[in-house]
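Presented below is the structure to which this report refers.
Sequential numbering from 1 along the given sequence is applied to the chain's residues. The structure displayed is predicted, hence computed values, not measured ones. One-based numbering, in listed order, for ligands and for the atoms of each.
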Amino acid sequence: MTGQPLVLAVPSKGRLQENASAFFSRAGLKLVQKAGGREYRGTLAGLPGVEVRYLSASEIAGQLASGAAHLGVTGEDLIREMLPDPGSSVELLTPLGFGHASVVVAVPQAWIDVRAMSDLDEVASEMRLRQGRRMRIATKYVNLTRRFFAEAGIADYRIVESLGATEGAPAAGSAEIIVDITTTGTTLAANALKILDDGVMLRSEANLVASLKADWSETARAALRTVLGRIAAEERARTTREVRAALPESGSIDLATLAGLHEAELPYGAPRGADGEIVMRCPVDAVFDLSDALVQAGARAVTVRRIDYAFAAENPLAERLLARL
Ligand SMILES: Nc1ncnc2c1ncn2[C@@H]1O[C@H](COP(=O)(O)OP(=O)(O)OP(=O)(O)O)[C@@H](O)[C@H]1O
Ligand SMILES: O=P(O)(O)OC[C@H]1O[C@H](OP(=O)(O)OP(=O)(O)O)[C@H](O)[C@@H]1O
Ligand SMILES: [Mg+2]
């Protein structure tokens, strides 16, 4: 097969690193870091067409935008901060269920009358008129801040770039307010800051992201189908249960209607004869309704079980991306 391998960029440290490793492992994609652990390259066990790179969450967003990496795990906050028009250079394939955080506007708790962006606009105008200077916002999310404040019609401010310990800026006197990322709110509270009622700019989580700018060689496309196929197989298995039923000897059950009523599918098709066994798959929360309906329709026995992986011919995640290349 021709062309360069698929480059998969994964976080090298922090909360995203552990979660990403566990996510891939659950899908049968074992990340193997080269010996020594300080070598920021690795492989996926058994998949020679994939090269793994360990990078910071923000570097991953950059490499996906440039095309240096084909696939990566990073926060939606970083994608939207670093890429002015994300849709033109990357495809957010799927949220991953971890790395949840919100990018928020936070002001000193002492500003008791300031609860909304409109109040902030008044503070900014007052500061400009009375003190002849602009309200300072400490943040590492410069673009997200500019967009959000423009939408709120607030222009009387200036940004003080802050790459760390941003919540300490107001107390240190280097800014009046901040825009930063938060999960539990502990750091904000510890620095006597509060989030404005309409101050949540973005609810972010880690995403599996694909680059539209990378060189999608035949090797990379084949590896993509395998990687996304295993991810889809794990998710299908995690979110559904298999329901087997011994159909009644006399007369058959209207399976199409039953399936439709309970978001169920028949992965192996309709039963061969009028009796025998049928295999259905339905969402976890539809299991009891479907089982009750099968028994009431005359099924002689119904069993429900978990499955480890559910592979399928169609690969919606891969097809969605390949259609855009
Ligand atoms: N409470 C949080 N604070 C910061 N990032 C978070 C938080 N919760 C989830 N994240 C996600 O993880 C990304 C970076 O987090 P992580 O802490 O793993 O890396 P990091 O090396 O600490 O990066 P940074 O130094 O920018 O925080 C964030 O951009 C965001 O997508
Ligand atoms: O809302 P909270 O739960 O208080 O989390 C928010 C804090 O976590 C992050 O810091 P940093 O990335 O340095 O923390 P980390 O080392 O845990 O990643 C972020 O920059 C905030 O300071
Ligand atoms: Mg961090």
Side-chain angles (χ1 to χ4, degrees), residues 8-25 31 33 37-42 52-65 69 71-84 86 89-109 137-148 159-172 174-197 199-211:
L8 170 63
V10 296
S12 57
K13 70 174 183 71
R15 73 201 75 211
L16 294 189
Q17 189 273 328
E18 297 93 42
N19 285 299
S21 178
F23 167 81
F24 283 114
S25 178
L31 289 166
Q33 195 159 6
R38 298 306 291 178
E39 161 76 40
Y40 290 107
R41 288 180 183 275
V52 175
R53 281 191 200 146
Y54 292 87
L55 300 163
S56 78
S58 37
E59 179 64 22
I60 291 172
Q63 291 217 359
L64 289 165
L71 214 51
V73 171
T74 191
E76 184 180 351
D77 58 315
L78 294 173
I79 291 286
R80 299 204 181 282
E81 167 58 21
M82 296 172 64
L83 314 185
S89 54
V90 298
E91 174 82 20
L92 291 173
L93 289 173
T94 179
L96 294 176
F98 57 81
H100 291 94
S102 297
V103 182
V104 299
V105 182
V107 306
Q109 288 167 356
I137 308 175
T139 188
K140 77 171 186 183
Y141 294 96
V142 177
N143 295 313
L144 285 177
T145 300
R146 287 206 176 111
R147 270 179 246 152
F148 192 75
I159 283 174
V160 174
E161 280 213 55
S162 160
L163 295 181
T166 305
E167 296 88 345
S174 56
E176 279 69 49
I177 70 171
I178 73 165
V179 166
D180 199 12
I181 196 158
T182 177
T183 299
T184 64
T186 307
T187 313
L188 290 173
N191 289 276
L193 298 172
K194 63 177 180 176
I195 303 171
L196 292 182
D197 296 344
V200 177
M201 290 186 182
L202 170 69
R203 295 186 196 286
S204 171
E205 72 182 272
N207 270 251
L208 183 65
V209 185
S211 173

remark   = Scanning both residues in full, the closest heavy-atom pair of Ala210 with Leu64 reads C-CD2, 4.4 Å
key: Numbered atoms and elements of ligand 1 in range of Asp77, under 4.0 angstrom, heavy atoms   = 28 (C), 29 (O), 30 (C), 31 (O)
key: Sub-3.5 Å N/O-N/O distance, Ile181 and ligand 2   = no
ask   = Has His100 got any heavy atom lying under 4.0 angstrom from an atom of ligand 1?
value = yes
note = Here the pair of heavy atoms bringing Leu16 nearest to Ala57 is CD1-CB, 3.9 Å
request  = Can you measure from CG (Asn143) to CD (Glu81) and round to the nearest 0.5 angstrom?
outcome  = 4.5 Å
ask   = What's the shortest heavy-atom distance between Ile79 and Pro86, and which atoms?
value = CG2-CB, 4.0 Å
remark   = Under 4.0 Å from one or more heavy atoms of Ala101, ligand 1 contributes atoms 7 (C), 8 (N), 9 (C)
note = ligand 1 to Gly75, heavy atom cutoff 4.0 Å, flagged ligand atoms 31 (O)
remark   = For Leu78, the atoms of ligand 1 under 4.0 Å from one of its heavy atoms are 29 (O)
inquiry  = Measuring from non-hydrogen atoms of Pro11 to any atom of ligand 1, is the shortest distance under 4.0 Å?
reply    = no
ask   = Below 3.5 angstrom, do we get any N/O pair linking Arg15 and ligand 1?
value = yes
key: Proximity winner for atom 3 (O) of ligand 2, if only heavy atoms of Thr184, Leu188, Leu16 are counted   = Thr184
inquiry  = With heavy-atom distances below 4.0 Å as the criterion, list the atoms of ligand 2 near Gly185.
reply    = 1 (O), 2 (P)
task = Under 4.0 Å, heavy atoms only, figure out whether ligand 1 is touched by the backbone of Leu16, its side chain, both or neither.
result = both
ask   = Any idea which of Lys140, Arg15, Lys13 brings a heavy atom closest to atom 18 (O) of ligand 2?
value = Arg15
message = Side chain or backbone, does Thr182 bring an N or O within less than 3.5 Å of an N or O on ligand 1?
response = no
remark   = Atoms of ligand 1 under 4.0 Å from any heavy atom of Thr183, numbered from 1 in the order shown, are 1 (N), 2 (C), 7 (C), 8 (N)
Residue Gly14 vicinity, atoms of ligand 1 by number, heavy atom under 4.0 Å = 18 (O)
note = Here the gap from Arg80 atom CZ to Arg147 atom CZ, rounded to the nearest 0.5 Å, amounts to 8.5 Å
query = What are the atoms of ligand 2, with element, lying closer than 4.0 Å to any heavy atom of Thr183?
reply = 1 (O), 2 (P), 3 (O), 5 (O)
query = Nearest 0.5 Å, what's the OG1-CG distance between Thr139 and Asp180?
reply = 6.0 Å
ask   = Taking only heavy atoms of Ile181, which atoms of ligand 1 are found under 4.0 Å from at least one of them?
value = 3 (N), 4 (C), 5 (N), 30 (C)
Smallest separation among heavy atoms of Val73 and Ala206, with atom names = CG1-CB, 4.4 Å
key: Glu76, any N or O under 3.5 Å of ligand 1 N or O   = no
key: Smallest separation among heavy atoms of Thr166 and Ser162, with atom names   = OG1-OG, 2.8 Å
Numbered atoms of ligand 2 (with element) below 4.0 Å of Glu167, judged on heavy atoms = 21 (C), 22 (O)
inquiry  = Within ligand 1, which atoms have a heavy atom of Lys13 less than 4.0 Å away?
reply    = 18 (O), 20 (P), 21 (O), 22 (O)
inquiry  = To check you understand the geometry: which heavy-atom pair defines the closest contact between Val160 and Ser174, and what is its length?
reply    = CG2-O, 3.8 Å
Inter-residue atom distance Arg15.CZ - His100.NE2, 0.5 Å rounding = 12.5 Å
query = Where do Phe148 and Leu202 land on the side chain to side chain contact (heavy atoms under 4.5 Å, CB included) test, with the steps shown first?
reply = CA-CA 10 Å; Phe148 192 75; Leu202 170 69; over 6 Å; no
query = side chain to side chain contact (heavy atoms under 4.5 Å, CB included) between Ile178 and Leu188: does it pass, once the steps are laid out?
reply = CA-CA 10 Å; Ile178 73 165; Leu188 290 173; 3.8 Å; yes
